[in-house]
2 protein chains.
Amino acid sequence: MNLHLVLRQLGSLILVLSVTLVAIFIGAYGLGDEPFGDSLSTHRYILETAGISALIGVVCILIGRKKQTSDSMGRREALLLGSSSYVVGSFIAALPFWLWAKESASEDHPFQSGVNCLFEATSGLTTTGATILADISLLPDPLLFWRALLQWLGGLGIIVLFVAVLPMLGSGGRKLFKVEAAPGQSGVKPSIKETARILWIMYVCFTAIQIVTYKFAGMTWFDSVCHSFATLATGGYSNHAASIGAYNSHLIDIITIVFMVLAATNFGLYFAALQGRLKVIWEDPEFRYYIALLVIGSIIVTASLMGSGQPLVTTTGVATAPTAGEAITQSVFTVVSQQTGTGFSVSNFDTWPFVAKAVIVFLMFVGGCSGSTACGVKVIRIWIAIKVLLDQLERAFRPHVVRPLKIGKSSIDDGVKLAAISYVLGLFIIFTFGAGALMVLESGNPSCDITTAATASLSSVCTVGPGLAKVGALENFNWFTDASKILMCVLMTMGRLEIFAVLVLFSPRFWRST
Amino acid sequence: MNLHLVLRQLGSLILVLSVTLVAIFIGAYGLGDEPFGDSLSTHRYILETAGISALIGVVCILIGRKKQTSDSMGRREALLLGSSSYVVGSFIAALPFWLWAKESASEDHPFQSGVNCLFEATSGLTTTGATILADISLLPDPLLFWRALLQWLGGLGIIVLFVAVLPMLGSGGRKLFKVEAAPGQSGVKPSIKETARILWIMYVCFTAIQIVTYKFAGMTWFDSVCHSFATLATGGYSNHAASIGAYNSHLIDIITIVFMVLAATNFGLYFAALQGRLKVIWEDPEFRYYIALLVIGSIIVTASLMGSGQPLVTTTGVATAPTAGEAITQSVFTVVSQQTGTGFSVSNFDTWPFVAKAVIVFLMFVGGCSGSTACGVKVIRIWIAIKVLLDQLERAFRPHVVRPLKIGKSSIDDGVKLAAISYVLGLFIIFTFGAGALMVLESGNPSCDITTAATASLSSVCTVGPGLAKVGALENFNWFTDASKILMCVLMTMGRLEIFAVLVLFSPRFWRST
């Protein structure tokens, strides 16, 4: 294990955060009307965090400056860097919230508590989008921007980590990734650096397009930027307590739906499309099942809403009759938002019939495509797991029949099957453990029922954001005990880093030199 | 597929049921004081069922009388016979309840409904032990005996099916079974018939020993027989609404605990012990983990009960302070009863703290040993699944390291790993689906909360009996809608036949001749 290299890289990432914070301060000063001195006193917390993180970054780089003979980034180094940057990043990202509260906020503001700030930051960086705040609009603009930026950076990190650096973890086998498969055909394999560069350029482009589209649909530039950041990362932080529902605009709803769907699609496919192989997208089995799930889920939820006849309540509290148009919009938005793990809301779906909620919870567990910013199990793993289970059925009466399992045109081996089905089971176990632990930690609070605990756990581990009951679309996470909040931070980080990247750190073999 | 052979065998099994019913009538007449005519009118329903089942049995044998050229029992025939005998058996077994209710019971007796009778019979034959009845003691003795006998026969059927006929299904690989492994050492492999014979002789012996032990502990002969039947089958039907708690005797509690533990142990191990290889039992990894789980589970539950300080309420409604002795007895009894899938109760554990209930629900899911009458996932599968998950962790940073997974001295291949982990996931899925479906079917009933639905589903699919909340130790299943009851019958049968034996019937490939 080359710890020096990891520390150096981590230090560089922290320095990037520091520079970003300075840029945010300059932006806040430039866009505000205050003289520099007043800006400095209003936004001091930004520069303070920039200073602290610069210091930490430099220390990391200094400690890690010793170069080793073989100074290459291996699999273990990448795993350690990935998990440590999300953990350390969350602590640094929490600082602006905390310093701001100490300097400017009222004494009963939730951000006076360090744990709350850490929760908000972790929820941001892991692209979850669960918030501590009941009234988000009271935050100053730089902090609103910071929340959105955290999500965007977190999403970018995941795409680079899982598509360019560690595709193996993405869904149990390199072969599933078009990024890898495609250049094999032309004989040239792009380097990790080049792949990473193309990925972040695509990510930036998608973000730019969405910002402009939002602006044309009537958002302010500031809201456009923040909500685009939160969409592309499938994060879900909004500048409004009523989330996207605050705009009360079907156009903005539809734009959001489109970009949420795009954000949870394998970025490797866009990479292939850039090379002119557009049909690769539609031929990808995972993409087809993903779209099919979204469509079927939306149909079931719509039917359930219209069948129940109950009025539909938006996040702004407006109740309307369940007409086809309204039911379809709210169903599609909610299904897409929850399956992709974004967590934006237009409706208070906690009031929906059981069937609709069950479908939504199931799709939260499934998640989006591998190689995207979405979380959850991922469609491809679910598909492999179903195939394996069906195969097991046949083995009960034909134990010696071997039927190769194919994804598209390539068949997958037992190792990939085991990896996929283990992941499904692993997430199930962690979700169950999380739900049980929340019940224990909240045992003094009768309003934390099993539905709340279960969906809070699932929502954390699948980095969705809202759940049901007391963590529904209109609720916040402030009422949990500190222990529960820390547990959820752990769950979010584990879910975001595909479990294994976090759990390996606790394996003694991981740290052994050979 | 040799359907004729299956029909013939099914017919023979039904004829056995018919003969058994005649024997029960003779017993009821012999033990009663009534003249024959009065007995005939009181117990007519027994002879009627005997006649109907004799008719069905003969018809099956007649239709299936055509012998085919290759008249051997293959894997597919065994699967079909196994599942059809439990399904057809449940319908026939329901008849005495229904006919008795029509002839002698009050108009509002639950057994006036055919669905209730089917539920009671299925719950018996699958060794679940969930009951429709609030006051069991109102049933006439022959029906109490019939309930217990159904469990005993169901348990016997499972041991013969999964140890002698289809060991492959038992836990994903023949090699796990000592029955198979042992004779290989001496070079002689016993035939299926001989294995089956030894198994049922052992089953009968255990039952006889328990009957005598119960009698010495103060039970009547009738209760001894019925409760021994229900224990060896890990069934859990009792002649009292308060279950074993009705005897209020720690001696009887301890006897029950011992025999429940024995019943959920792999019968292949007893087979090996009979051959003089006693140390095989303790060297079996599954047995050791099984005992370890029971001990650890009991310790946690005891600590939780004593820690909470709340009074402990027995099934007879007596509340006592949580002294060490009382807490240990109730904890051990409940942990053993629920993990082995028996479902006898001495305490109303629904009032216990969350941690205690969570441990119990987890152990219900785990279940006992393979090759026993216990249900659930089975300890060996859980153990393999944990090993596979840990192995996956290492693959995240050492993708090419192959570390053979060993059970005792034999290493297992990817096929067995996939089978085990698929089974764990499969049971998880069916349990979740069952819980969701119950919520939908009971949507008109606000008292069916998610805890009730989830534990009813888990309890059915793991053939335990009681769950939590509205299906707790003191409750019954009469309040469910007919649709829910039928669903639970399906869940019980699927769980009992290791899922695959039921699901394969819906696979077109199963029915194809080649």
Side-chain angles (χ1 to χ4, degrees), chain A residues 74-80 166 168-169 172 174 353-355 358 361-362 365 385-386 388-399 401-402 413-415 417-419 421-426 428-429 432 435-437 439-440 443 449-451 454 498-501 503-504 506-507 509-510, chain B residues 74-80 166 168-169 172 174 353-355 358 361-362 365 385-386 388-399 401-402 413-415 417-419 421-426 428-429 432 435-437 439-440 443 449-451 454 498-501 503-504 506-507 509-510:
Chain A
R75 183 172 285 275
R76 289 191 298 165
E77 284 78 12
L79 282 166
L80 183 59
L166 288 171
M168 177 80 192
L169 284 181
R174 277 183 173 252
F354 178 79
V355 173
V361 168
F362 169 71
F365 182 76
I386 291 171
V388 169
L389 290 178
L390 291 177
D391 195 47
Q392 287 297 320
L393 268 191
E394 185 167 4
R395 267 161 207 276
F397 57 93
R398 287 209 185 90
V401 167
V402 177
D413 61 16
D414 278 357
K417 289 184 202 168
L418 268 175
I421 205 160
S422 299
Y423 194 86
V424 179
L425 187 61
F428 235 137
I429 292 171
T432 310
M439 283 297 284
V440 174
S443 56
D449 59 5
I450 194 90
T451 307
E498 303 254 307
I499 307 178
F500 295 123
L503 282 186
V504 286
F506 299 95
S507 158
R509 284 203 186 117
F510 181 78
Chain B
R75 185 172 285 274
R76 290 192 296 164
E77 284 79 11
L79 281 166
L80 183 59
L166 287 171
M168 177 80 191
L169 284 181
R174 278 184 172 249
F354 177 79
V355 173
V361 168
F362 169 71
F365 182 76
I386 290 172
V388 170
L389 289 178
L390 291 177
D391 196 46
Q392 288 296 320
L393 268 192
E394 185 166 4
R395 268 161 207 276
F397 57 93
R398 288 211 184 88
V401 167
V402 177
D413 62 15
D414 279 356
K417 288 183 201 168
L418 269 176
I421 204 159
S422 299
Y423 194 86
V424 179
L425 186 62
F428 236 136
I429 293 171
T432 310
M439 284 296 285
V440 174
S443 55
D449 58 4
I450 194 88
T451 307
E498 303 254 307
I499 307 178
F500 294 124
L503 283 185
V504 286
F506 298 95
S507 158
R509 286 206 182 113
F510 180 77

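Reminder, nothing fancy here: chain letters follow the sequence lines and each chain counts from 1.
In this structure, CD1 in B:I450 is found 9.5 Å from CG in A:D449, a value given to the nearest 0.5 Å. The structure places CD1 of A:I499 at 9.0 Å from CG of B:L389, a figure rounded to the nearest 0.5 Å.
Evaluation of the side chain to side chain contact (heavy atoms under 4.5 Å, CB included) rule for A:S507 yields A:R509, A:F510, B:F397 as partners, not counting sequence neighbours. In this view, A:D414 and A:K417, B:D414, B:L418 satisfy the side chain to side chain contact (heavy atoms under 4.5 Å, CB included) rule, not counting sequence neighbours.
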Q) For B:F428 and A:T432, what are the C-alpha separation, side-chain angles and deciding distance, and is it a side chain to side chain contact (heavy atoms under 4.5 Å, CB included)? A) CA-CA 11 Å; B:F428 236 136; A:T432 310; 3.9 Å; yes

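Contact count versus chain A (heavy atoms, under 4.5 Å) is highest, among B:S443, B:A78, B:S422, B:G436, for B:S422. Comparing A:Q392, A:E394, A:M439 by how many heavy-atom pairs each has under 4.5 Å with chain B, the most go to A:Q392.
When all heavy atoms of A:L503 and B:L393 are compared, the pair lying nearest together is CB-CD2, 3.5 Å.
For B:A385, the part sitting under 4.5 Å from any heavy atom of chain A is the side chain, from C-beta outward, and nothing else.
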